[in-house]
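In what follows, a single structure is set out as structure tokens and then discussed.
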Amino acid sequence: QLQLQESGPGLVKPSETLSLTCNVSGGSISSNSYFWGWIRQPPGKGLEWIGSMSYRGITYYNPSLKSRVTLSVDTSKNRFSLKLSSVTAADTAVYFCASIYDSRGYWFYWGQGTRVTVSS
Amino acid sequence: DIQMTQSPSTLSASVGDRVTITCRASQSISSWLAWYQQKPGKAPKVLIYKASNLESGVPSRFSGSGSGTEFTLTISSLQPDDFATYYCQQYNTYSTFGQGTKVEIK
């Protein structure tokens, strides 16, 4: 059973870069069975897909965020990461890491989510 | 970009009611649609995939239908555990979620 756990600062200053990591256990991040991604949820609002990637580095980004997002994989530590630059208050949200299993296309495994507030 | 529109935004219902939520895509997504249930403070959980396939372990009172641009999620007999927010998600092109439907107690 795959388990995902987000980690990173809960408070980020405006104009700075938000950095989060998702630690994967119960499976290998280098497996061809999974696709990895990030989804966020602003307070009281719906879900927004940020981006997805394979362990080989194939990435897909939400067009509305593409210019500010970088996804990466660290196979040695079995984890993947999100960087979102030039943050504003609009980037305040709960950030979930998630995984697509076996090319199914939908998000099957989820982390518990981590709250990030953008404020000075 | 493919936009997903859910209706209604909020639905008030009683235990035992039949509930239907609609999701419309801005262009055809074939059957590449999933439905999720989310409870406060928790991550979403997938209920239905490929428009009408019930995920393992999900109660059979949940069902999905549709293809192309129009989809529905039906709960045949609402149970106390079903009061939650429901999201559709297209995965025909990248990933887009609907804005959510909150099912609340009437």
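The chains referred to below are lettered A, B, ... by the order of the sequence lines, with proteins before strands, and numbering in each begins at 1. Since the model is a prediction, treat every value here as computed from it, not as a measurement.
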Could you see if [X] belongs to whatever hydrophobic cluster contains [Y]? Use Ile, Leu, Val, Met, Phe, Trp, Tyr and a side-chain cutoff under 4.5 Å.
| X | Y | value |
| --- | --- | --- |
| A:Leu84 | A:Val94 | yes |
| B:Tyr36 | B:Val58 | no |
| B:Trp32 | B:Phe71 | no |
| A:Val87 | A:Leu20 | yes |
| B:Leu73 | B:Phe97 | no |

Which region of [X], side chain (C-beta onward) or backbone (N, CA, C, O), has a non-hydrogen atom less than 4.5 Å from a non-hydrogen atom of chain A, or is it both or neither?
| X | result |
| --- | --- |
| B:Gln99 | backbone |
| B:Pro40 | neither |
| B:Gln90 | neither |

Counting only heavy atoms not in [X] (residues, nucleotides, ligands), do more than 12 fall under 6.0 Å from its [atom1]?
| X | atom1 | value |
| --- | --- | --- |
| A:Lys77 | NZ | no |
| B:Arg24 | CZ | no |
| A:Trp110 | CH2 | yes |
| B:Arg61 | CZ | yes |

Of all heavy-atom pairs between [X] and [Y], which one has the smallest distance, and what is that distance?
| X | Y | value |
| --- | --- | --- |
| A:Phe96 | B:Lys42 | CZ-O, 4.0 Å |
| B:Tyr91 | A:Gly105 | CB-O, 3.2 Å |
| B:Ala43 | A:Gly111 | CB-O, 3.3 Å |

Of the backbone (N, CA, C, O) and the side chain (C-beta and beyond), which part of [X] lies under 4.5 Å from a heavy atom of chain B, both, or neither?
| X | answer |
| --- | --- |
| A:Ile100 | neither |
| A:Tyr106 | both |
| A:Arg104 | both |

Under 3.5 Å: donor-acceptor pair, side chain of B:Tyr94, backbone of A:Pro63
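The answer is no, because no donor-acceptor pair under 3.5 Å joins these two groups.
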Could you have a look at A:Trp107, A:Tyr60, A:Tyr61 and say which one has the most heavy-atom pairs with chain B under 4.5 angstrom?
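Among the listed options, the one with the most contacts to chain B is A:Trp107.
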Looking at CD of B:Gln38 and CG of A:Leu47, how far apart are the two atoms once the value is rounded to the nearest 0.5 Å?
5.5 Å
Are B:Tyr87 and A:Gln41 packed together at the side-chain level, in the sense that at least one heavy-atom pair is separated by less than 4.5 angstrom?
yes
